[in-house]
Amino acid sequence: MDVELLAAPFDPLQSLTAWQASLRVRRPCIGAAEAHFIGRVRPVAADGAPLEALEIEHYPGMTERQIAAISQALALDYGVAAVLVRHRVGRLKPDEPIVVVAVTADRRGPALHCCQELLERLKHEAPFWKREWVNGCGNWVAGNTPL
Amino acid sequence: MDVELLAAPFDPLQSLTAWQASLRVRRPCIGAAEAHFIGRVRPVAADGAPLEALEIEHYPGMTERQIAAISQALALDYGVAAVLVRHRVGRLKPDEPIVVVAVTADRRGPALHCCQELLERLKHEAPFWKREWVNGCGNWVAGNTPL
Amino acid sequence: MKSGELRVRLFAGLREEAGWQERSLAHQSGITPAAAWMLLNLGGTAPPATVRVAINHEFAALDTPLANGDEVAFLPPISGG
Amino acid sequence: MKSGELRVRLFAGLREEAGWQERSLAHQSGITPAAAWMLLNLGGTAPPATVRVAINHEFAALDTPLANGDEVAFLPPISGG
């Protein structure tokens with residue numbers, strides 16, 4: 001379980017590189033199956049206007065706790081070996097990474113399905129709120145984009 | 001569509017880094033949703049014995065053509081922006097990467113589902129044959145591991 | 001926070017509508033998040049159905065009795081990931 | 001390969017059982033992959049049900065008529081990815 005909220009821009013592939021290295025410290029073979037998801041800021045707001053920035057608010061303490069609880073529960077359910085979550089907070093520009101989720105397991109089914117469900121549960125159960133900034137005005141996003 | 005067979009060991013995260021850079025040449029924002037899968041050699045053979053090496057045979061010409069055809073068809077079906085496939089051939093040691101599949105799209109659903117189906121179709125429709133080497137003896141693997 | 005108090009927190013759109021992000025409230029026996037919402041005049045007789053409640057960083061029901069020193073938060077619809 | 005010939009290729013376990021990986025065969029009008037399998041004595045009267053056929057790098061049916069110069073391949077069960 002490797003969960004962190006980040007206040008500054010990050011490179012998901014560097015997070016994955018560091019995570020893989022940390023897994024190799026514990027055992028020579030990391031899982032035979034590894035699934036990742038990277039989410040980035042869309043260049044347009046919900047109404048189609050060009051987006052200036054996306055602001056992400058969270059509930060310090062609860063957000064980290066919820067992500068850790070969800071990750072732990074799913075890792076157990078799916079029998080996966082390791083889980084990584086990095087999630088941005090603060091003000092992001094279009095195309096900046098928001099989230100990376102990664103799961104390593106012995107088989108592709110658990111890796112892929114756990115990664116997908118973890119992402120979905122983060123979106124609905126981890127306290128984050130997005131505000132889209134367009135022409136200097138901020139609008140809170142109501143809920144999530146469809147799958 | 002970015003498909004390549006590799007005869008030597010490779011680092012999937014470096015393949016992903018190069019692929020992302022190549023996508024950014026064409027447009028400032030690569031997709032808001034990106035899904036990856038990495039498959040590696042298991043340290044044990046199908047019968048549980050420690051594996052010395054995994055040999056992967058292919059059908060030069062047909063294998064590349066099949067992967068490109070599958071990728072193109074799925075990219076169209078799911079409406080995704082870009083697809084990457086790297087697949088090893090030759091003799092691999094335990095833990096070495098076999099395959100990386102990556103899909104970038106505007107939404108998480110198409111990215112995740114296309115990545116998963118592409119992997120499944122590669123496993124069943126791209127001509128690759130695996131031989132497990134244990135104690136100097138090679139055994140052809142009959143079909144795929146379950147999902 | 002003094003003993004005998006509850007802490008109430010608001011986030012995102014709820015915070016901006018109310019014009020504050022954190023208040024304390026006297027603890028009374030049997031007080032619930034629903035009662036705290038009314039006592040703080042947060043609008044109507046109850047939170048909208050889309051608002052979720054957390055007590056001490058865990059999701060909870062609107063009618064959970066609050067203990068002395070609890071932190072109760074009202075959370076507008078979540079949009080993470 | 002000379003004109004009037006077919007090329008036949010075997011892979012993996014099939015190649016090792018037969019002891020060769022590539023042969024040419026005279027093209028005859030109406031010849032199919034199934035007939036080529038018999039003519040080359042690859043075992044039984046037809047390939048096992050798990051063996052797939054490719055003609056010129058595309059999957060094809062066992063009874064597809066082969067054209068002059070075609071490359072036909074017999075593929076044991078695939079295990080990629």
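Chain letters run A, B, ... following the sequence lines, proteins first and then strands; every chain starts at 1.
Under the 4.5 Å side-chain criterion, counting only non-hydrogen atoms from C-beta, C:Phe11 is not in contact with A:Pro127.
Of residues 55-67 of chain A, those residues lying under 4.5 Å from chain C by any heavy-atom pair are A:Glu57, A:His58, A:Tyr59, A:Pro60, A:Gly61, A:Met62, A:Arg65, A:Gln66. Contacts from residues 34-56 of chain C to chain A, taken as heavy-atom pairs separated by less than 4.5 Å, involve C:Arg52, C:Ala54, C:Asn56 in sequence order. Residues of residues 12-20 of chain C that come closer than 4.5 Å to chain A, counting heavy atoms only, are C:Ala12, C:Gly13, C:Arg15, C:Glu16, ordered by residue number. Taking 4.5 Å as the heavy-atom cut-off, none of the residues of residues 72-81 of chain A approach chain C.
For C:Gln21, the CD atom sits in a loose shell: 12 or fewer heavy atoms of surrounding residues, nucleotides or ligands are nearer than 6.0 Å. The environment of A:Asp47 atom CG is dense: over 12 non-hydrogen atoms of other residues, nucleotides or ligands sit within 6.0 angstrom.
Note that the NZ atom of A:Lys123 and the CD1 atom of C:Ile78 stand 12.0 Å from one another [nearest 0.5 Å].
If you tally non-hydrogen atom pairs under 4.5 Å between each of A:Phe37, A:Phe128, A:Trp129 and chain C, the highest count goes to A:Trp129.
In this structure a side-chain-to-backbone donor-acceptor pair under 3.5 Å is present from A:His87 to C:Gly81.
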